[in-house]
Every structure is written in C-alpha cells, then in structure tokens.
2 protein chains.
Amino acid sequence: MLGMTNYPDNGGHTLTGIRDLARHLDISIGTVSRALNNKPDVNQDTKSKVLKAAAELGYVPNQAGRALSKGRTNVIGFVLQTDSEGMMQGDLFFIRVFDGMQSVLTQHGLNLVALLSPSTVDPETYLKQIVARRFTDALVLSSIHRNDARISYLSDQNLPFATLGRSLTDVGQPWLDLDFDGVVEDAIHRLIAKGHRKIALALPRSDLNLRHIMVESYRRNLARSGIEVNEDFIVETDAGDNGGVTLVHDLIELNPRPTAVIYSDHILPFGIYRGLAENGLTPGQDLSLIGVGTRLASLLTPNLSHYRFNLFDLGVRIAEALLPTMQDRPFSDPAKIIRESVPYTFIDGDSIRDMA
Amino acid sequence: MLGMTNYPDNGGHTLTGIRDLARHLDISIGTVSRALNNKPDVNQDTKSKVLKAAAELGYVPNQAGRALSKGRTNVIGFVLQTDSEGMMQGDLFFIRVFDGMQSVLTQHGLNLVALLSPSTVDPETYLKQIVARRFTDALVLSSIHRNDARISYLSDQNLPFATLGRSLTDVGQPWLDLDFDGVVEDAIHRLIAKGHRKIALALPRSDLNLRHIMVESYRRNLARSGIEVNEDFIVETDAGDNGGVTLVHDLIELNPRPTAVIYSDHILPFGIYRGLAENGLTPGQDLSLIGVGTRLASLLTPNLSHYRFNLFDLGVRIAEALLPTMQDRPFSDPAKIIRESVPYTFIDGDSIRDMA
DNA sequence: CGATTCACCGTAAACGTTTACGACAACATT
DNA sequence: AATGTTGTCGTAAACGTTTACGGTGAATCG
C-alpha cells in the first residue's frame, strides 16, 4: 500500500498533509510545524501566514504521524465494564461523567473515548491489548473492585491513570469517588432520627469496592448509635429487572421485619415499589426507602427520598486529577495527587415514615 | 523528545518494539513483520518461532506506527450525541448495541470506541475534528435527523460510515434502523382491534427522523383504517423528568379525550403512570398505553404493553453493514449495501383496555 | 570595522511499522 | 552445465509528524 493513500482522491477535497501546506507557502516543513505548534523561534508574520493557510486548506495534523513522532496519542480512555448480564454499573450515570471529563480534556487538546470491554472477551485481556498497543496516553478505570488487579497492572505498565472509585489495591494513583460512605452515614442518622431501629441494607451482589464501603459504613454507624447489627438485614439483590421485587419478598419474611431499607441501585426502588404493591404494602408507609438515585427517582409515587451527585462535576474533577499524572510520572508528589470523594445532595421525599 | 520514550524504563517490563524482537531472534525486521502478519513468503518454522517469541516478550505492535504505515487506524468510532439537557437518546440503549458491534469488529482486528460530542462543543465541529484527523477508519452515526448534514459531510470526506437510522439526506450509505414504522402500525391495529378510536401519539420534541417516521406511519395507518386524524392527538413531550406527568395533564384536557396513547420513549411511561395516579386515573383503564420500551418496562404496575428490539443483534448487523464499505469505497455496489429495519417483538401487558 | 549575538529558518534524523524489490540458495528443467 | 523456478529473507523506502542541530543574515557590540 505504499504511496497509496487509503482514501482515493475524489476530485473534491484532497487531504492536506503538512508537506502540501509547506509547498503551498513555499517554506520548509519544519517551520510550518513549528508555527502550528506555536514554538518560540518562528516569526510572527510567518506564524500567522501558516495558520491562515492551514485554516483555508482545512489542514488538520494527522494523528498517527503525530503520535509516532511524539510518543503520545492525545487519547484518553474511559474504561467501562459491563457485568455478566451485559448491563453496566452506570448506564445513565456515565454519560454525565464523560461529558464533564471531556469539557476539561478538550481544553488540553486531548480526546476522550469510551472503551467498553466486550461481553464476549475477558476484561483483563481487553485492557492489556489497549495498554500494550499504547492506544491511549492515560486511562480512567471505573467499576473498581475491592481488590483490583487492573490497578497494579497499569502501575506496572507505567501508564498514567486514575480510578473512579477506591480500592484496597492502591499504588498511590489519583482517585475520585462518590461519597457512599457519607450517604450511608447520613441515611442511618436520618432513619434513626425518625425512630427507625430495624434498618436493612440492600446491595447488588458484586465485588465492587462500593459494596464493601457501604457495608462498613453501615456497621460502623449502627454501632456508633448503639444498634446491634442484624446480619440478616444485609441483603443481596439480584441484578435482574425484578431484583426489587424479590428483595421485598425477602424482606417481609424476615423476623423481625425491617422498617426501612437503604439501597444503592437507582433502578432498584422501582422494583421495590412494585414488590410492595404486589403485597398490598405502601412504600414509605410499610417500608421506608432511602438511597442513591438519579433523575428517574422523581418518577416514583410517593416521592423517593434519595441522594444525588453532581456527575458532571465529578467528571471535571477526574480530568483534573488525571492531567498532572500525565506530565509527571510516576506519582511523584503524593501531596499533589487528588484523592477525594465528591459530596452528595439529599433530596427529600415521602419514602421515609416517621415512626414517632 | 527524540530518542526518548515517553514511558521511562522502570526496571520492570520494557516495552518491546519490533526491532527488539528482531534482534532477539537474529532475523530482520521485515521478516518478523511478515511473520506476524502471516504473509505467505515466510518459512513456517520461522513464523512459529516469531510468534512464540512475540508471545513470550509480550510484543504487541504499536498502533501509531502501524496506522502511519498502513494508512489505517483500525479504530471504528460510534458517534453519540447528547441533547441540550445533556441526556442521550439511548442511554441504556446504546450499551447493548455497542456490545453487539464490538463482538463482530474484534474478529476483524478492529477496535470500537464511543465518541460523545461534548455538550460544550458544537457537534459539527466535533465531528469534523475526528474526520480530519483521520482518527478512525469508519464511523457509525446515531441520532439521525430528518435532514442530517453529517451524512453528506462524511460522504464528501470519503470516510466509510453507516448510520443507525434513516434520513432524507441519503448518499447511498448503509443504514440500520429500528422498525418504528412497524411499531406504530402494529400498535394502531392492536388498539383498533380492542375498540379504540381516539388514539394519541406522544413524541419527544426533536428533529430526529424517528419522530417523522412515526408521525407518518401514524397518519397512514389511521387513514387506512378509516379514522380521521385529530391533529390535537399528536402531542409533543418534554425531555425533562416529568414529561410524562405534563403529558397526562395535556391529554386529559383534550376534548374529545383520547382513550389510548402510543409513546416512543422508554422513560415516559413512568411519568405517565405517575401523572395518571395524580389525577386519580388508572393506567390501562382510563388511558391505554403502548409503545417502545426496555427492560425497565417490567417494573411498572400494571404491566406495560410494549415493543422490544434485540439491540445486540442490531449492533451485529451494523457492524456487518459497515465492514464491506471499508474495503470497497465508495458505495459502489448498491445491491450489497445493507439497509434494513430490525424487527420488533411485542410484549403483552395490562396497559391496553378492551373497549368492547 | 571585525566580532558577537540574535532571530529565524532549512535540513535531516527519528518515531515503529509495512512492503516493494532484489538477492540468494536450493532445486528442477532443458 | 546453463537456465529457469521457487522459497525465503534482507534491505531500504515510505507513511506524516516533531525537533535537535546547524546555518544564514541582520543587528549589536567593542
């Protein structure tokens, strides 16, 4: 294929390389490149002449050539994982985060792409391919597990990255996280304030660190309030559509029966509402609900009490955490590494009964 | 940065180039490359020796070098658009489609990435950047508008692409679409069979071609059944959370009041259910509902009658439609261009009242 | 006025691959 | 034995950039 561009000259626009641009201006390639990259040692006049011509001819630097020469691709990957059901932790979630990240990264000339490990391929090998090919300059990992081999792997491979979520596997990388710890704490205190003592915690079956963080927060904050933890109250939910329905089934058979449940999945409440209805029970009356939700929460009747996060800002923060790691490898100055939880907002509803 | 790799040698794994591999085997770079690419003119023995060594040393070809040499990047872009609210037509939708596409493309050594035009940037310029930089070998466009300038643009730029949706702007490119036409047709016939005559059509305010297709199908099929179209029955819904709620408000004030509504947004029914409840009305009783849904539909009580699509298969078909266009540009053989609607499945529920 | 500095620019090497071309040995054909 | 064929491999150019280095002329200095 030598000497043959892949896209045949169609008489219309011809792809312009830096060489054509240089010929057209009758100056050398090097100067053109320097002008475009705004290097100091080039005359202001020629600089503007080059920029003008580039705009006119629609010149845009070829990424492959650039990447090869600079050793950087200017591509950032946002790695998403689908679970066994092909569903993602995130769905609605991720779009906003992505948007927030992109708003920052574009200002630095970086392109953000979403990478979804296919359900037909082992996520590990998928990640390894991306890394080994040096497809991206940096990665953001989501769906972080309690122990996450990907973290040490990326560290070994010396690829800059940040994680959306904490992990026990910690190499000092920057991370952002949603304050699920705080959510559970706040939820428990709210419930207790309204007279609840039998509080269940419903979490999806997974090894996401998120789950562990919430369980730990649950135990800690109950203990702090002098309430003994009933292990039966920590229930696992199915990922399926009617995880909420079966959850209700499980809960109402418990003895004693919990009066409130803290959830973490924004779809789950829909199933819970349905499950309660099927049993002639009323949400917020026979069972109080509080947990993390999304916009969808406002579609439930009675109104769902829930916590929200500003996902766009989260994306912005992730990008800001990622950028320094790309200039300064490895994570040299721990003081400058951003590692923080973004705060929640509580949206009051009618799903918490006052037991007093 | 010449001669300095961007990722410092960390004493651990060193990135292996083809040159190192060749030195290690004591054969030429050319032969190694040919062996790796399984070219005919290389001895079987050396071929396996090279492959073995490559596996051992963890050699993976550098994408930038490859792209520069071959003029192809092996990257396919799936372009997604967010609307003004930052929400996407798709959300849950797109993950499955993506997965289906990827399952096919990986078999051809192609990498699929999702590209989201940032809400802070004009989608047009975003697309132009991608194209001009030759970042991808091909693109898939979604959220197709009735007249979509992106289509003619990509055609002018001679970049292979397919669209997820039809458009009046048609350059002979392959497209896949969901059979929304058929959905409306089937829905109308079902409703009429159950005695409905006053059938509303609720669609989000947008210029997506999807909207026009459904409206046309609505008019055509009502006319075919001898029912006059009441223009008031074609209502626009808000994109916001409670679009369903306000929709109900609008509908029940109509005179005559429709007995059924066909919807297209899978979130909308949640709002409709809520809106009905707020007015003391019962879904499926006081207002019949039928339209396109997702897994979420199964969380509504009473059960929502709706249509589903196999989104994974849709993704597979898109990939299959895209592949030929990449080898054979432009769309030379119209007979071979895949352009089709994927069929729906009807899921029966309790949201359609029998008026007889 | 000669020497030095400075601003600007051209030259060419380098990034990591692929591949056209030619070279060479082994072997088969007359 | 000369010629042709085949299988295998090395050489080097090419892809489109970036950038270190050196060169040129003009301005500045002693």
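Atoms considered below: every heavy atom in the structure, side chains included; atoms not considered: hydrogens, waters and symmetry mates.
- How far CD1 of I76(B) is from CD1 of I318(B): 12.5 Å, rounded to the nearest 0.5 Å.
- Rounded to whole angstrom, the span from the CG atom of L68(A) across to the P atom of dA13(C) amounts to 17 Å.
- The separation between K70(A) atom NZ and dG16(D) atom C1' is 14 Å, rounded to whole Å.
- End-to-end axis angle for the helix from dC1(C)-dG30(D) to dT30(C)-dA1(D), using five pairs per end and rounding to 10°, comes out at 60°.
- A side chain to side chain donor-acceptor pair (under 3.5 Å) with R339(A) is found for one member of D177(A), D170(A), T163(A) and no other, namely D170(A).
- Salt bridge status for D99(A) with R96(A): absent, with no side-chain N to carboxylate O gap under 4.0 Å.
- When distances run from any side-chain atom of R66(B) to the nucleotides dC9(C), dT18(C), dT18(D), the shortest one goes to dT18(C).
- Look at CG on L21(A): it is 14 Å from P on dG16(D), rounded to the nearest Å.
- When distances are taken from the side chain of I29(A) to each of dG10(D), dC9(C), dT18(D), the shortest belongs to dT18(D).
- I27(B) comes within contact range of the sugar-phosphate backbone alone, with a heavy-atom separation under 4.0 Å but no base atom that close.
- Put simply, the side chain of V140(B) does not reach to within 4.5 Å of the side chain of L112(B), judged on heavy atoms.
- A sub-4.0 Å separation between OP1 or OP2 of dC15(C) and a side-chain N or O of R19(B) is present.
- Between R34(B) and dC9(D) there is no side-chain N or O to OP1 or OP2 distance below 4.0 Å.
- Between dT18(D) and N37(A), a contact under 4.0 Å exists linking OP1 or OP2 to a side-chain N or O.
- Phosphate contact (OP1/OP2 of dT19(D), side-chain N/O of K39(A), threshold under 4.0 Å): present.
- Distances shown here put a side-chain N or O of Y59(B) below 4.0 Å from the OP1 or OP2 atom of dT17(C).
- Considering only heavy atoms from C-beta on, L115(B) comes within 4.5 Å of F135(B) through its side chain.
- Along DNA chain D, the nucleotide nearest G65(B) and the nucleotide nearest V42(B) are compared for position; the residue whose nucleotide lies closer to the 5' end is V42(B).
- One finds a side-chain N or O of N43(A) lying less than 4.0 angstrom from the OP1 or OP2 phosphate oxygen of dC8(C).
- Within 6.0 Å of the NZ atom in K49(A), the count of heavy atoms belonging to other residues, nucleotides or ligands does not exceed 12.
- In this structure, L36(A) places its CG atom 16 Å from P of dG16(D), rounding to the nearest Å.
- Picking from dT17(D), dC9(C), dG10(C) the nucleotide with the shortest atom distance to the side chain of S28(A) gives dG10(C).
- Heavy-atom nearest nucleotides on DNA chain D were determined for K47(B) and for V32(A), and the one closer to the 5' end corresponds to K47(B).
- Side chain to side chain, Q173(B) and S155(B) fail the donor-acceptor criterion of an N or O pair below 3.5 Å.
- Here dT19(D) presents its C1' atom at 14 Å from CZ of R72(A), a figure rounded to the nearest Å.
- Among the atoms of the strands shown, base atoms are found under 4.0 Å from some heavy atom of D41(B).
- Summarising the geometry, the separation between CG on N74(B) and C1' on dG16(C) is reported as 15 Å, rounded to the nearest angstrom.
- At the phosphate of dG10(D), OP1 or OP2 sits under 4.0 Å from a side-chain N or O atom of T31(B).
- The side chain of T46(B) places an N or O atom within less than 4.0 Å of a non-bridging phosphate oxygen (OP1 or OP2) of dC9(D).
- At distances below 3.5 Å, at least one donor-acceptor pair connects side-chain atoms of S167(B) with backbone N or O atoms of H145(B).
- Between the CD1 atom of I18(A) and the P atom of dT19(D) there is a distance of 11 Å, rounded to whole Å.
- Between the CZ atom of R23(A) and the P atom of dG10(C) there is a distance of 15 Å, rounded to whole Å.
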